[in-house]
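Quick notes on the structure that follows.
Proteins get letters first, then strands, A, B, ... in listed order; numbering begins at 1 in each. FYI, side chains are in, hydrogens and waters are out, and symmetry mates aren't considered; it's all heavy atoms of this structure.
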Protein chains: 2
Amino acid sequence: MRPDVHATATERLEAVGQRYTEQRRRLVELLQREGQPLTIPDILRGLPDMKQSSVYRNLADLEQADVVRRVATEEEFGRYELTEDLTLHHHHLICRSCGRVEDITIPVDLERNVDRTLDRVARRSGFASVAHRLDLIGTCRECAASPG
Amino acid sequence: MRPDVHATATERLEAVGQRYTEQRRRLVELLQREGQPLTIPDILRGLPDMKQSSVYRNLADLEQADVVRRVATEEEFGRYELTEDLTLHHHHLICRSCGRVEDITIPVDLERNVDRTLDRVARRSGFASVAHRLDLIGTCRECAASPG
DNA sequence: CTTCCTGCAAAAGTTTTGCATTAAC
DNA sequence: GTTAATGCAAAACTTTTGCAGGAAG
């Protein structure tokens, strides 16, 4: 299995002169438990006694330490998940109706094909150290059943 | 070539009971001219005499008429581009340092492979009518040259 | 002349910041 | 003890909204 998430978080925070406090650990645990990108409101709901300013500040610090990352969405507030190397490389199924984000993996051969090709495409444009983001946009089962 | 952008915009706006006004045409022209997703500040800079509230309102209307769409980024403000069928199916090169977004296309066979595979993956999860979003995240030539 | 659009200003919502206090090392 | 994290409240910034005046059909 992969190295312990908390040990890694501690290391990475220390590397930038910061501490793995109780609150930060609780944020990481929540993100790990939910296993999918959470919005700020989600997080506030999941950790009701954590102050809003602490949530923002700690997520910013965790992001800088490369423990979490902000996920790009069309929504009005941020969504965060654990950094990829603390989970597994994966993609998102995004429901365009309710905004729900679900983690998925895709076949390894497609993954490899995508990686190789994009690397070539990027090099042509002078882009370096490229990662990819491959998301699926559609309508989830529930929204298909009860539109609105 | 594809049908005229302005004719299409007119149609689609009329379909939802709205008009293709001067301001909306200028927004479409700017997005067309720049050929890449623009942030609200970009747009305000590009159309200095357009009021901020009009920009927001018109982009919202154009989005509802399916003439423009909001692009997902990790930034704090919105980015918009013309709807895909008014341009061509494409992807984005996103610089993680300066945030610049550049349009690219990828080889058709990869495109087809991605499409087919994702369709299968989505179906397994109960997702319907799936589109994909495939972006490249890296460092652009300029930021690689002068980091900061 | 009716409907939609625009400008202005104010409000709402999300995120950031200052500062005194508390906790971690 | 020294440095970093937290809580609280206020501020900053992005986006939305109400309403009166103006333009379009």
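- Remark: A:Tyr56 is in phosphate contact with C:dT15, judged by side-chain N or O atoms under 4.0 Å from OP1 or OP2.
- A 6.0 Å sphere centred on CZ of B:Arg70 holds more than 12 heavy atoms belonging to other residues, nucleotides or ligands.
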Side chain to side chain contact (heavy atoms under 4.5 Å, CB included) between A:Thr8 and A:Val67, worked out: CA-CA 8 Å; A:Thr8 309; A:Val67 175; over 6 Å; no
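- Of the residues in residues 12-25 of chain A, those with a non-hydrogen atom less than 4.0 angstrom from any atom of DNA chain D are A:Gly17, A:Gln18, A:Arg19, A:Thr21, A:Gln23, A:Arg24.
- Salt-bridge check for B:Arg57 with B:Asp61: failed, with every basic side-chain N at 4.0 Å or more from each acidic carboxylate O.
- Atom-to-atom, CD of B:Gln52 to P of C:dG7 comes out at 12 Å; the value is rounded to the nearest Å.
- A heavy atom lying under 4.0 Å from DNA chain C marks none of the residues of residues 41-49 of chain A.
- Between A:Arg26 and A:Asp49 there is a salt bridge, with a side-chain nitrogen of the basic residue lying less than 4.0 Å from a carboxylate oxygen of the acidic one.
- For the salt bridge (Lys or Arg N to Asp or Glu O under 4.0 Å) test, no residue two or more places apart in sequence or in another chain qualifies with A:Arg120.
- For residues 62-70 of chain B, proximity to DNA chain D is found at B:Arg70, defined as any non-hydrogen atom under 4.0 angstrom from a strand atom.
- Side chains of B:Glu81 and B:His90: a donor-acceptor N/O pair is present below 3.5 angstrom, by distance only.
- First and last contacting nucleotides of DNA chain D toward chain B (any atom under 4.0 angstrom from a heavy atom, 5' to 3' order): D:dT14 to D:dA24.
- When rounded to the nearest whole Å, the span between NZ of A:Lys51 and C1' of C:dT22 equals 15 Å.
- Contact annotation for B:Asp61: no contact, since no heavy-atom pair falls under 4.0 Å across all strands.
- Residue-environment remark: CD (B:Glu84) exceeds the threshold of 12 foreign heavy atoms within 6.0 Å.
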Side chain to side chain donor-acceptor pair (under 3.5 Å) assessment of B:Asn113 paired with B:Thr117: CA-CA 6 Å; B:Asn113 189 359; B:Thr117 311; 3.2 Å; yes
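- For the 3.5 Å distance criterion, the side chains of B:Thr73 and B:Glu75 qualify, holding a donor opposite an acceptor.
- Checked for salt-bridge contact, A:Arg69 and A:Asp85 miss the test: no charged N lies under 4.0 Å from a carboxylate O.
- Residue contacts for B:Phe77: at a heavy-atom cut-off of 4.0 Å it reaches the sugar-phosphate backbone alone, with no base atom in range.
- Partners of B:His89 under the ring-ring contact (aromatic ring centres under 6.0 Å, His included) rule, at least two apart in sequence or in another chain, are B:His91, B:His132.
- Here B:Arg45 pairs with B:Asp42 in a salt bridge; the nearest charged N to carboxylate O distance falls below 4.0 Å.
- What separates CG of A:Leu59 from P of C:dT14 is a distance of 15 Å, to the nearest Å.
- A:Ser54 comes within contact range of the sugar-phosphate backbone alone, with a heavy-atom separation under 4.0 Å but no base atom that close.
- For B:Glu74 and A:Arg133, the salt-bridge test passes: some basic side-chain N is under 4.0 Å from an acidic carboxylate O.
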